[in-house]
Amino acid sequence: MPFLAVEGLSKRFAGVVALDGVSLHVDRGEWLAIAGENGAGKSTLMKILAGVETRDAGRIVLDGEPVALRSVREAKALGIAWIPQERSLCANLSIEDQLFLGRERTRRFGFVDRRGRRARAVEALARVGLDVPPTMTVGRLSTGNQQLLEIARALDEHARVLILDEPTSSLTPHESERLFAALARERERGVAVLYVSHRVAEIVERADRVVGLTDGKNSGELAERPFSESDVVRLMAGRAVSAATPTSRTFGPPRFSIDGLRTRRHPRELVSIEVRAGEIVGLAGLIGAGRTEILRAAFGADAATSGRISVDGTCVDVASPKAAVRAGIALVPEDRPADGVILDASVRTNIGLASLRDGARRGFVDRVAEKVRARAWIERLGIKTRSDRSLVRKLSGGNQQKVAFAKWLARSPRVLLLDEPTRGVDVGAKEEIHRCIEDAARAGAAVLVASSELGELLRLCDRIVVLQRGAIRGEFARAQFSEQRVLELATGAATAPGAHV
Amino acid sequence: MIKNLGILVLLIAVCALTAWQEPRFWSAYNVGNTLSWTGLHGLLALGTAVVILTGGIDLSVGSVAGLAGVMLPWTIVRLGWPPALALPAVLVGAVGIGVIHGLLITRLRLQPFLVTLCGLLVCRGLARYVTGDATIGFREADAPLRAIATATPFSVAVPGLDAPIAIPIAFLWLIAFALVLAIFLRRTIGGRSLFALGKNEAAARMSGVATSTWTVVAYAVSAGVAGFVGALLALDVNSVQPSTHAQWYELYAIAAAVLGGCSLRGGELSVIGVVLGAAILRVLYNAINILAIPTQLEFAVVGIVILVGAMIDEGLRRLTSR
């Protein structure tokens, strides 16, 4: 009997299916890798097991007992520990304070048992091979050591199942080795490891077994070692992609070019991309590959270390978004509620925000034009809202995103930069947003779209540029599109550049 | 609009209660006097509210008013500047202080609370140093200049009152500024930009709004208005004590803005609301005086009224959002 078994797990978010009847199991001391693209349902699976989300249907059996997993507390008590990708430590606490935060052992009168605690901290740190004094502040630990600290805490709470989400994404090779060594020791003690990662090489090297997820469903399993990198990639892609149908758009002259751009995140990589009028170019890559950084730098939202941005052959000094907007560049950002729309302003205000100067006389906004423009775009994009005066907060995610689009489309931008254009959007709205991206291209815009959903890029783009760790690894024209080959380049499973155009 | 109605009801209630207890409240002299003080405090509150709209705070307005109130007689009497030069110079100086605040906040990314707290201390210190802490006033010859603070251009006869109310010019300044500000905020690119950046600075910036520039403008407006109020107050009382001139007025200004519906989180401002808020505070102050409530209790009464107002507001919000 497996130690942890998941059967027929399903979960929907606001009508969107995240998990659809997923089953898997893991034994004591086993290392199970879960492979899948972004959006395949891996995070939802982890969150349900960690008690952060509750499931709609399905059974979870731990050590022979069905468990409810209604809260994080319950999951922890059962010994299921989730180490999320984002660190959630308090940088200014000492290591031992962090280790026992929220679960202090106290003596009488609420005094902390300092001596007992120190001994236990030393022991917990030794267990993961972390050789640092417990009094040091957390902030002085490297990212890798912070990760080990989180694992130390989980183990000290008697974790029997460790769920690791992209644990090595921000570690140096040396730190990764330390982490794996610590995990190997825990496996011998019978701790089960659920390992979620895009690092195909790590999966091939370490995992006992691989379960694939695609679109919230099981897409197969590699039950026995050895398996190859291409086996894993095939499992991640999950399905054979039908040959791409050519798009019917015609391209004009080169309209937008990024030349020798270096971003703060990847200061050693030079990125150059050219997009023609009417062309849709995709930026593919894993989380942390540098897609968002490139788009933000090209829009002046973040400063780039070097590089030239030009529109229609003219060099643009994108010192700020304002300068970029003036040059005809638009960006629909990744984080909608933070950067994309003003939730507590009306639909009309949001749509008009980038066009305040249009028709303005001596600083006075043309309010009639503003109203007409807002109503026209509500109609055109089919934004479902009670009126143009309603707050954007009251709209669904898809309609909010349409408002973010309308704000820019109203300016007929020459360059349209899109970062995860359909994140958190339901299927119907997604289709409509895709159509409106295609319309913008047909109207002559140069479109550069970043998405972690490969299927979206394959459907939309004329060309896909693949990024890995901030560098361009290859480029595919539409006729050569293949999910497998894009994934191989993006994950670093294939080192040779793909078909260059 | 409903919120403003609530504030108006509160104002009427306080007025009615005071008039019922003490008929002297409803006299032409007292009403005129209250209007005059409402003018000064309303101006300050509106200036501060523009900063609060951006999600910031300006603690320096009392001290900036104090410094301006000292510099005006000092430049005229001690340095012998013509009033026509001294007044604009003082106003430009005040605006300059606001620009410095704004630049420190936007360029160096310092927190508004800290920057304007330092502004408060520095301006008060300068005002006291320049004059050697000595009281300073204007000369007989400056009477024409003093008229911009003391004149009563016209009177309004109100039935039931002992005499026509002589409308004080300070109140007219308030009405004029309120009108200009309301039109600016609702109709112009600048006003829209201020609202947008107050509600969501990142999204405003990502839409091409010059958020830094408009933040600096907000602090400049606040300080400029404070300078004007400081000058008016000095011209009105004609005896400026550097250590106490307009002291703590920033607290009245912030209180009036909040009472008038501004959220300290930014993004909300109703010009009418803030004016009514300032009026309520002045009427309360007046009521404490003429009802022979110990004046030592003034701050306590003001504090309790604002707190109760905030509680009612929050309660209503929860009711309506359900």
Side-chain angles (χ1 to χ4, degrees), chain A residues 295-296 299-302 318-346 348-367 370 391-394 400 403-404 407-408 410-411 413 417 419, chain B residues 1-3 50 52-55 103 106-109 179-218 220-221 261-270 313 317 320-322:
Chain A
L295 293 181
R296 286 182 64 98
F299 187 62
D302 296 332
V318 283
S320 66
K322 192 180 167 193
V325 171
R326 246 189 217 159
I329 306 176
L331 169 66
V332 178
E334 179 183 24
D335 191 344
R336 186 168 53 237
D339 302 330
V341 291
I342 299 177
L343 290 176
D344 287 314
S346 68
R348 189 197 291 181
T349 302
N350 269 284
I351 293 179
L353 195 56
S355 315
L356 286 175
R357 281 174 198 283
D358 288 7
R361 267 179 305 173
R362 277 190 252 119
F364 280 80
V365 175
D366 185 343
R367 299 204 298 166
E370 188 181 33
L391 294 187
V392 169
R393 185 182 287 284
K394 306 227 159 129
Q400 288 182 3
V403 171
K407 172 171 73 185
W408 293 117
R411 292 184 54 86
L417 308 177
D419 197 357
Chain B
M1 225 54 282
I2 293 166
K3 208 168 190 177
V50 175
I52 292 176
L53 171 64
T54 68
L103 290 177
T106 54
R107 303 272 170 226
L108 298 189
R109 310 227 162 270
L179 279 174
V180 171
L181 185 64
I183 292 170
F184 170 76
L185 289 176
R186 288 191 149 269
R187 304 266 174 109
T188 68
I189 294 171
R192 295 303 188 79
S193 301
L194 286 171
F195 268 99
L197 84 94
K199 283 179 193 289
N200 184 341
E201 183 163 5
R205 193 172 95 90
M206 295 286 273
S207 301
V209 172
T211 48
S212 298
T213 309
W214 290 111
T215 304
V216 174
V217 168
V221 166
C262 288
S263 159
L264 290 179
R265 266 176 239 116
E268 277 173 57
L269 170 57
S270 153
D313 183 45
R317 220 169 47 139
T320 51
S321 70
R322 224 185 278 157

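Proteins come first, then strands; the chains are lettered A, B, ... in the order of their sequence lines, and each starts at number 1. Just so you know, these numbers use all the heavy atoms, side chains as well, and skip hydrogens, waters and symmetry mates.
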Region of A/Val325 that comes under 4.5 Å of a non-hydrogen atom in chain B: side chain

Pairwise distance OG(B/Ser207) to CD1(A/Ile351) - rounded to 0.5 angstrom: 12.0 Å

A/Arg336, part contacting chain B, at a heavy-atom distance under 4.5 Å: neither

Where B/Asn200 and A/Pro337 come nearest, the two heavy atoms and their spacing: ND2-O, 3.2 Å

A/Asp339 versus B/Ala202, closest heavy-atom pair with distance: OD1-CB, 3.3 Å

Pairwise distance CG(A/Leu353) to CZ(B/Arg192) - rounded to 0.5 angstrom: 9.5 Å

Pick from A/Asn350, A/Val365, A/Asp366 with the largest number of heavy-atom pairs that fall under 4.5 Å of chain B: A/Val365

Part of A/Ala338 within contact of chain B (heavy atom distance under 4.5 Å): backbone

Choice from A/Arg411, A/Glu370, A/Arg361 maximising heavy atom contacts with chain B below 4.5 Å: A/Glu370

Atom pair CD1 (A/Ile342) and CE (B/Met206), whose distance is rounded to the nearest 0.5 Å: 12.5 Å

pair A/Phe364-B/Ile189: side-chain heavy atoms closer than 4.5 Å: no

Spacing of CG belonging to A/Leu343 relative to NZ belonging to B/Lys199, to within rounding of 0.5 Å: 11.0 Å

B/Val209 side chain reached by A/Lys322 side chain, heavy atoms, under 4.5 Å: no

